[in-house]
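Chain letters run A, B, ... following the sequence lines, proteins first and then strands; every chain starts at 1.
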Protein chains: 2
Amino acid sequence: MEHRIERIKKQLHAQSYKLTPQREATVRVLLEREEDHLSAEDVYLLVKEKAPEIGLATVYRTLELLSELKVVDKINFGDGVSRYDLRKEGAEHFHHHLVCIECGSVEEIVDDLLGDVEKIVENDWGFQVKDHRLTFHGVCKQCQETAVQSKTS
Amino acid sequence: MEHRIERIKKQLHAQSYKLTPQREATVRVLLEREEDHLSAEDVYLLVKEKAPEIGLATVYRTLELLSELKVVDKINFGDGVSRYDLRKEGAEHFHHHLVCIECGSVEEIVDDLLGDVEKIVENDWGFQVKDHRLTFHGVCKQCQETAVQSKTS
DNA sequence: TTCTCTGCAAAACGTTTGCAGGGCG
DNA sequence: CGCCCTGCAAACGTTTTGCAGAGAA
């Protein structure tokens with residue numbers, strides 16, 4: 001945890017940005033809730049618990065900054081809010097998401113499933129891939145089981 | 001073109017919706033600019049050229065309706081606007097996008113590249129896939145060539 | 001000092017909604 | 001009549017911005 005903060009601090013310094021207390025508090029929230037795909041508002045409320053004087057605009061500016069530095073990925077599941085996802089440490093590939101249309105849960109896939117697909121895109125379309133976004137919408141394991149149970153009961 | 005309008009008309013009727021003049025004008029714009037990934041505002045301005053009395057809200061309501069009927073796909077490239085993409089006639093699989101980070105152009109991939117990946121997700125995660133969104137961000141062929149030219153000149 | 005960063009409030013943006021009226025069965 | 005649909009304007013929720021001040025180098 002601490003060394004990840006250190007690492008981000010260095011990334012900021014490398015571009016002459018500072019890790020201010022507000023920025024650090026924001027980063028800590030993202031680290032603590034790494035699995036949660038928080039919206040800016042979510043982050044704001046959590047940061048406010050530790051540092052009540054922080055402003056929403058600062059959170060937005062921090063998330064924007066972290067996004068530019070590729071410390072976080074800004075993702076969008078189509079519900080009108082941007083969500084912010086810490087990049088896995090040292091991960092070269094981006095992670096994908098399984099969004100359940102029943103319960104709204106979001107699962108992460110860390111495996112890189114797109115190696116072959118990227119090669120096809122580069123070879124057949126001459127498109128140089130820098131980043132990708134892949135989201136599956138469907139029914140998660142739990143909801144499938146729940147559906148079966150309610151049928152048999 | 002006309003038979004595609006007919007088809008959509010039938011889809012609407014099947015759910016007891018009407019193809020009003022405003023809806024038809026909207027659909028025509030989508031058909032004419034099929035390659036263009038228009039935002040609601042874009043559609044509105046284009047429809048207004050033919051039917052100046054139309055309101056923006058009607059365009060939104062129509063796009064929403066067409067989206068529910070799966071006539072169009074609502075997509076989001078992360079720039080804060082929803083875009084609307086006519087579904088290819090008879091296409092069972094959804095299409096993917098190549099977004100150029102240099103010039104902003106959007107290319108479509110109609111091939112279904114994700115068959116194998118979906119199987120992995122279903123088998124390994126027990127997740128029942130209903131839909132997917134795949135977007136690559138990178139540099140398109142033209143921009144790569146332009147970059148090479150400006151280096152050699 | 002100079003420069004970055006912050007908090008607040010206001011503004012901007014895309015989108016949705018309430019409502020009164022229109023059109024058609 | 002009843003019902004669906006429309007246009008307008010207002011409202012909404014998210015995100016951005018202007019600005020004056022705080023704080024560090």
In whole angstrom, what separates [X]'s [atom1] from [N]'s [atom2]?
X       : N      : atom1 : atom2 : result
A:Leu12 : C:dC5  : CG    : C1'   : 13 Å
A:Leu65 : C:dT6  : CG    : C1'   : 14 Å
B:Tyr44 : C:dT16 : OH    : P     : 16 Å

Using nucleotides 13-17 of chain D, report all nitrogen or oxygen pairs with the protein that are shorter than 3.5 Å.
unit_1 : atom_1 : unit_2  : atom_2 : d
D:dT15 : OP1    : A:Ser82 : N      : 2.9
D:dT15 : OP1    : A:Ser82 : OG     : 3.2
D:dT15 : OP2    : A:Tyr60 : OH     : 2.5
D:dT15 : O5'    : A:Tyr60 : OH     : 3.2

- Anything under 30° is parallel, anything over 60° is perpendicular, the rest tilted; go ahead and classify B:His96 against B:His132.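 Taking B:His132 first and then B:His96, their aromatic rings sit tilted (interplane angle of 30° to 60°).
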- Query: Are the side chain of A:Arg133 and the backbone N or O of B:Phe136 linked by a donor-acceptor pair below 3.5 Å?
  - Reply: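 No, A:Arg133 side chain to B:Phe136 backbone: no donor-acceptor pair under 3.5 Å.
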- Message: Testing the basics here: between B:Gln144 and A:Gly126, what is the closest heavy-atom pair and its distance to 0.1 Å?
- Response: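 In terms of heavy atoms, the two residues are closest at NE2-O, 2.9 Å.
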- Task: Kindly give the heavy-atom pair with the smallest separation between B:Thr62 and B:Arg23, and that separation in Å.
- Result: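 Here B:Thr62 and B:Arg23 meet closest at OG1-CG, 3.6 Å.
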Protein N or O to nucleotides 21-25 of chain C N or O, pairs below 3.5 Å:
none

- Item | Short side-chain N/O contact from A:Thr58 to OP1 or OP2 of C:dG7, under 4.0 Å |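 For A:Thr58, the contact criterion (side-chain N or O under 4.0 Å from OP1 or OP2 of C:dG7) is met.
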- Phosphate OP1/OP2 of D:dC5 contacted by B:Thr20 side-chain N/O (<4.0 Å):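 No, no such contact exists.
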- Can you name the one residue among A:Ile54, A:Thr20, A:Leu46, A:Thr58 that meets side chain to side chain contact (heavy atoms under 4.5 Å, CB included) with A:Thr26?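 Testing A:Thr26 for a side chain to side chain contact (heavy atoms under 4.5 Å, CB included) against A:Ile54, A:Thr20, A:Leu46, A:Thr58 leaves exactly one candidate, A:Ile54.
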